[in-house]
Structures are given as C-alpha cells and as structure tokens.
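Input: a single structure, listed below in structure tokens.
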Amino acid sequence: MEFRWKLSSVLLCFVFHYLTLFVQATEESSLDTADRRLQQEEDEDSIQHLRIAVFGSSNSWGATLQSRYEAYPYLLSSSVKNYASYAAGPNYAAVCAYSMVGEDETFDVIILEFWLKASEGLFELATRLRRRFPRAIIVFAKVWSPLTARRQNLVDKNETDIFGWKVLEKGLARNATYPEVIDALTDDEDGYWYFPDYELADEVFASAIDAVGGVLAQFPMRDTVVQTLIAYLGYFEQSHHLHLSKLGHEAMARFIRKIVTSQPLPDDMDVHSDWDTTDACHDWFETGSCPFEHSSDKWTMREITALPGRYALDVPSAGWMKVKNDFDDARTVYLAYLAGHAGLYSPVIARFDDEPGVILNTTVDDYLYTQKHYTKTTAIGILAPHSEVNIILTLIDSTLLNDNLGEPFRLLGVILPDPIAVPKEIGFGTYFVS
C-alpha cells in the first residue's frame with residue numbers, strides 16, 4: 001500500500017512538473033505570437049502615414065480577388081491612390097499622368113508594377129513622375145508569376161506553360177489544389193523547367209530604375225525553377241497561376257513595406273516640381289460623363305451590364321463628336337473603345353472632317369474566353385493647337401446590329417496625351433468577361 005502511495009506521489013509530481021512546463025511553453029508561445037503580432041502591427045503602421053501612389057496592371061488592380069481592396073496597395077495604406085488598370089501597360093499612365101494625378105497630389109512613395117510590358121512606356125512614366133516628385137521613393141515591383149515559366153519535354157521537346165502542363169499532360173483540373181500541383185512538380189522527371197529571358201523588358205526596367213534612382217521589389221528566386229515554383233505557388237491563384245492570391249498580396253505588401261522602411265525619407269517630402277507637360281485625357285469609362293458635344297440623340301451613355309460602375313457611349317449609327325485642342329502645341333488624338341471576339345462589336349471608321357479615315361479594329365482574338373471584352377485605344381489624327389474638329393464615326397458593318405447579332409460600337413474616351421510618347425495604341429486598361 002505504501003509502495004502504491006509513493007508511486008502515485010511520484011507520478012503526480014511527474015505529471016505536475018511536465019504540466020507546468022507545458023503551461024510555461026504555451027504561455028511563452030502565446031507571448032511569442034503576441035510579440036510577432038505586435039511587430040507586424042507596428043510594421044503595418046510604419047508606413048500608413050505615407051502618401052502612396054500605385055501605377056500598375058492587373059495585380060495592383062486586384063484581379064481575381066474576392067474583393068479588389070484586398071490587393072497589396074490597400075494593405076500598404078488605407079489612403080493609397082491606386083491608379084492601376086486591369087490588363088494595362090504603362091503607356092496610358094505615361095501619357096495621361098497629369099489628368100490622372102492632377103495638381104494637388106504629393107506622394108512620398110510611388111510604386112510602378114509593370115514588368116513584361118515595360119517597353120510600352122515605363123521609362124517615360126518613371127521619368128515624368130520623378131520630375132514631378134523629386135523626393136519620392138520610387139519602387140519598381142517586378143511581379144513574375146508561375147505562368148511565365150516554361151517546361152520542355154525532354155522526350156519530344158514540346159514546350160508548354162504550367163497551366164497547359166497540369167491540364168493537358170498531367171490530367172489535373174484547371175483548379176487543382178496546390179498540393180496536387182506541387183506533388184506533380186516534385187515527381188516531374190521528364191521535363192526541363194526554365195524562365196525565358198525577357199531581355200527588352202529587363203533592359204527597360206533596369207534603365208528606368210537607374211534613371212530615377214528607384215529600388216527593385218521582387219520575390220527572390222530559389223536555386224532551381226521547380227523549387228521556385230513550389231515555394232511561391234500559393235502566392236498565385238490556383239487556376240492559371242497568373243495573378244497574385246490573397247496570400248501573395250499579403251506577402252507583396254510585407255516585402256514592399258520592408259523596402260520602404262529601409263529607405264531614408266528626406267525632410268522636405270512636400271517639395272514637387274511643376275509638370276513639364278500636361279495632357280487632356282477624357283475618360284468616361286469610370287465617370288459616365290462625356291464632356292463633348294455629339295450629333296445624334298441615339299448616342300447614349302449606358303452602364304455596362306457585366307461591369308457595374310463602368311460606362312460606355314453607345315454609337316449605333318453614324319455621327320460626329322466635336323473635340324478641341326486647347327494646348328499651345330499640336331496633339332495626337334486617340335479614341336478609346338471596347339473590343340471583343342469577331343462579330344461582337346461593329347468596327348468603325350474614324351476621321352477628322354473630310355480627311356482619310358482610320359479603321360478602329362474592334363476584334364481581339366482570345367482562345368481562352370470568347371466572351372471577354374477589352375478596351376483599346378487608337379490614334380486617329382493630329383489636331384493643331386487651339387483648334388477644334390468634328391470626329392466622324394461611320395459603322396463599317398451595320399448588319400450586325402440590324403440582325404441583332406452584335407453590339408453597337410462603344411466609345412470610352414477621347415485622349416489628347418502628353419506629347420513625349422505617341423504610340424499607335426495605348427494600353428488603356430481593363431477587360432472583363434460577360
């Protein structure tokens with residue numbers, strides 16, 4: 001009996017000792033977690049007071065997120081000015097920066113998220129913003145994605161991207177889980193994975209960073225491409241692996257926040273220079289308000305059904321719109337409009353009064369989504385200083401409308417851009433799926 005009592009006492013002491021250690025460890029773990037949370041909150045608060053502007057494409061806009069306000073710009077600061085456009089290159093922002101930003105804004109941090117389309121105006125955008133905001137920290141976000149990786153089959157030498165590989169070769173669902181794709185990557189013995197060289201984009205990116213004294217932000221690569229894909233797969237949406245996931249946006253925000261807090265902030269951040277040149281970019285895609293006189297009462301502003309809060313001017317018949325150039329120099333005039341699959345939107349000829357016209361091609365080939373709508377912007381002529389012109393629009397194929405097979409031509413804006421860059425087309429912005 002005495003032996004049992006002693007044994008019970010020993011066991012009780014043993015249990016009490018390790019229970020105490022467990023409680024201490026739990027408390028320490030809880031304290032560590034609390035400390036980490038506090039540090040994260042301090043890090044997040046560390047740049048909340050900064051005035052941040054973001055110019056970018058789909059990732060900065062918040063594509064594929066349940067709410068685009070979960071995108072990294074809004075995680076950096078609740079008062080961020082997000083000028084990103086869905087599926088856009090930097091050209092529109094480069095030539096319309098004045099219209100977008102205006103006279104009153106001052107920024108401490110400017111983020112430019114254009115990489116693969118860097119050759120479409122990133123250098124011009126960066127240098128124009130630097131001249132306006134000489135003290136701002138300019139961050140160049142190089143957001144690569146798993147979809148940019150390529151795989152070569154070592155047997156038949158055929159090449160594909162990660163989406164084609166997982167669906168066509170591995171037989172996985174397009175929305176296969178991350179563990180399923182990671183297991184397939186781990187077991188992939190007959191493929192060679194690599195990231196192609198994007199020499200022009202990299203060259204322009206590096207030149208722009210050097211020209212404005214910018215800093216680079218990108219997810220670090222691992223030793224091999226497969227290791228890199230496995231490490232970051234969860235940072236991208238699980239279908240096409242193109243856009244950042246919610247987790248990826250959180251990681252990008254932390255990464256940029258760390259970069260910004262490591263940079264010295266000048267005392268005179270409010271200093272800014274005059275805009276070297278101005279522009280007049282009239283975009284009613286977001287406002288629903290067209291400032292120009294036009295000829296026909298049949299031309300009506302409508303909210304786009306598949307994209308609430310976005311507007312287009314329906315042009316179901318020929319007519320004109322009066323546009324004026326108030327600048328002291330000649331400006332190229334662009335029209336922005338919707339495009340889609342063949343037969344969706346009626347193509348149009350646009351011309352200045354009696355001058356030769358320009359065909360506005362409203363067809364975009366897209367093998368993934370036949371119901372996707374794009375915005376396009378095309379130059380139609382040069383307007384002399386302090387002059388006005390009637391822009392004549394003529395539908396090329398009205399049978400599409402008469403037979404109810406298509407939609408009317410849809411005009412989104414008129415742009416008289418900064419003269420530093422006058423490409424044939426500007427990457428105006430968004431696309432959407434009906």
Side-chain angles (χ1 to χ4, degrees), residues 36-37 40-41 43-44 46-48 52-78 80 82-88 109 111-118 139-150 161-163 165-166 172-186 193 195 198 201 205 215-261 368 430-431:
R36 284 196 298 272
R37 247 185 230 138
Q40 181 179 352
E41 290 172 359
D43 289 343
E44 290 175 354
S46 64
I47 66 171
Q48 276 286 340
I52 302 174
V54 178
F55 296 84
S57 187
S58 303
N59 277 311
S60 297
W61 189 87
T64 74
L65 292 173
Q66 187 172 2
S67 168
R68 62 175 294 237
Y69 297 103
E70 295 175 336
Y72 77 86
Y74 304 101
L75 302 180
L76 294 172
S77 173
S78 57
V80 68
N82 191 355
Y83 300 107
S85 294
Y86 206 142
V109 179
I111 300 169
L112 304 178
E113 184 259 315
F114 301 104
W115 171 44
L116 291 180
K117 294 185 177 182
V139 179
F140 290 77
K142 184 177 180 180
V143 185
W144 56 267
S145 76
L147 195 64
T148 58
R150 302 290 295 176
D161 57 31
I162 190 169
F163 178 79
W165 167 75
K166 76 172 183 180
L172 296 175
R174 60 188 299 157
N175 288 318
T177 65
Y178 294 121
E180 288 175 324
V181 180
I182 289 173
D183 287 345
L185 283 167
T186 303
W193 289 89
F195 283 108
Y198 296 98
F205 218 71
V215 290
L216 174 66
Q218 69 170 349
F219 294 136
M221 298 289 187
R222 297 296 193 259
D223 291 337
T224 68
V225 175
V226 171
Q227 290 175 3
T228 301
L229 293 174
I230 290 174
Y232 292 108
L233 198 67
Y235 283 10
F236 297 86
E237 48 85 18
Q238 65 186 57
S239 177
H240 289 89
H241 311 287
L242 173 61
H243 296 109
L244 289 170
S245 64
K246 187 174 184 292
L247 183 66
H249 279 280
E250 293 170 354
M252 178 59 70
R254 289 194 301 270
F255 199 65
I256 292 176
R257 191 180 297 117
K258 184 176 180 181
I259 289 174
V260 170
T261 54
L368 287 176
T430 197
Y431 66 80

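Taken to the nearest 0.5 Å, the CG atom of Leu112 stands 8.0 Å off from the CZ atom of Phe205. Interatomic distance, His243 NE2 to Ser60 OG, rounded to the nearest 0.5 Å: 10.5 Å. Interatomic distance, Phe236 CZ to Asn59 CG, rounded to the nearest 0.5 Å: 7.0 Å. Remark: Asn82 CG to Tyr72 OH distance equals 7.5 Å, nearest 0.5 Å. Expressed to the nearest 0.5 Å, how far CE of Met221 lies from CG of Leu229 amounts to 9.0 Å. Separation of atoms CD (Gln48) and OG (Ser78) is listed at 4.5 Å; rounding is to 0.5 Å.
Applying the salt bridge (charged side-chain N to carboxylate O under 4.0 Å, His left out) rule to pairs touching residues 53-75 yields nothing, sequence neighbours excluded. For residues 234-253, every residue pair satisfying the salt bridge (charged side-chain N to carboxylate O under 4.0 Å, His left out) rule, not counting sequence neighbours, is listed here: Lys246-Glu250. Residue pairs meeting the side-chain hydrogen bond (donor to acceptor under 3.5 Å, both in side chains) criterion with at least one partner in residues 215-231, sequence neighbours excluded, are Arg222-Tyr232.
For Ser57 (side chain) and Phe114 (main-chain N/O), no donor-acceptor pair under 3.5 Å exists by modelled atom type.
Heavy atoms only, all atoms of each residue included: Ile162 and Pro146 are closest at CG2-O, 3.7 Å. Looking at every heavy atom in both residues, Ala201 comes nearest to Ala118 through O-CB, 3.8 Å. Taking each heavy atom of Leu244 and Met252 in turn, the nearest pair found is CD1-CB, 4.4 Å. What you find for Leu65 and Ala71 is that their closest heavy atoms are CD1-N, 3.5 Å. Contact record, Leu216 with Ile259: O-CD1, 3.5 Å, taken as the closest heavy-atom pair.
When the side chain to side chain donor-acceptor pair (under 3.5 Å) test is applied to Thr148, no partner is found at least two apart in sequence or on another chain. With sequence neighbours excluded, the residues that form a side chain to side chain donor-acceptor pair (under 3.5 Å) with His241 are Lys166. For the ring pair (Phe, Tyr, Trp, His ring centres under 6.0 Å) test, no residue two or more places apart in sequence or in another chain qualifies with Tyr178. Every side chain to side chain contact (heavy atoms under 4.5 Å, CB included) that Ala251 has, sequence neighbours left out, goes to Phe219, Tyr235, Arg254. Scored by the side chain to side chain contact (heavy atoms under 4.5 Å, CB included) test, Ala184 finds Trp165, Lys170, Leu172 as partners (sequence neighbours excluded). Under the side chain to side chain donor-acceptor pair (under 3.5 Å) criterion, Trp144 pairs with no residue, sequence neighbours left out. Considering only residues two or more places apart in sequence or on other chains, Thr186 meets the side chain to side chain contact (heavy atoms under 4.5 Å, CB included) condition with Ile182, Ile230. By the side chain to side chain donor-acceptor pair (under 3.5 Å) test, Arg150 pairs with no residue at all, sequence neighbours left out.
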Test side-chain contact (heavy atoms from CB on, under 4.5 Å) applied to Trp115 and Val143, step by step:
CA-CA 7 Å; Trp115 171 44; Val143 185; over 6 Å; no

Set out, in order, the CA-CA distance, both residues' side-chain angles and the distance that settles side-chain contact (heavy atoms from CB on, under 4.5 Å) for Leu242 and Phe163, then state yes or no.
CA-CA 9 Å; Leu242 173 61; Phe163 178 79; over 6 Å; no

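Using a 4.5 Å cut-off on side-chain heavy atoms (C-beta onward), Ile111 and Val80 make no contact. Val109 has its side chain out of reach of Leu76: every pair of non-hydrogen atoms, C-beta onward, lies at least 4.5 Å apart.
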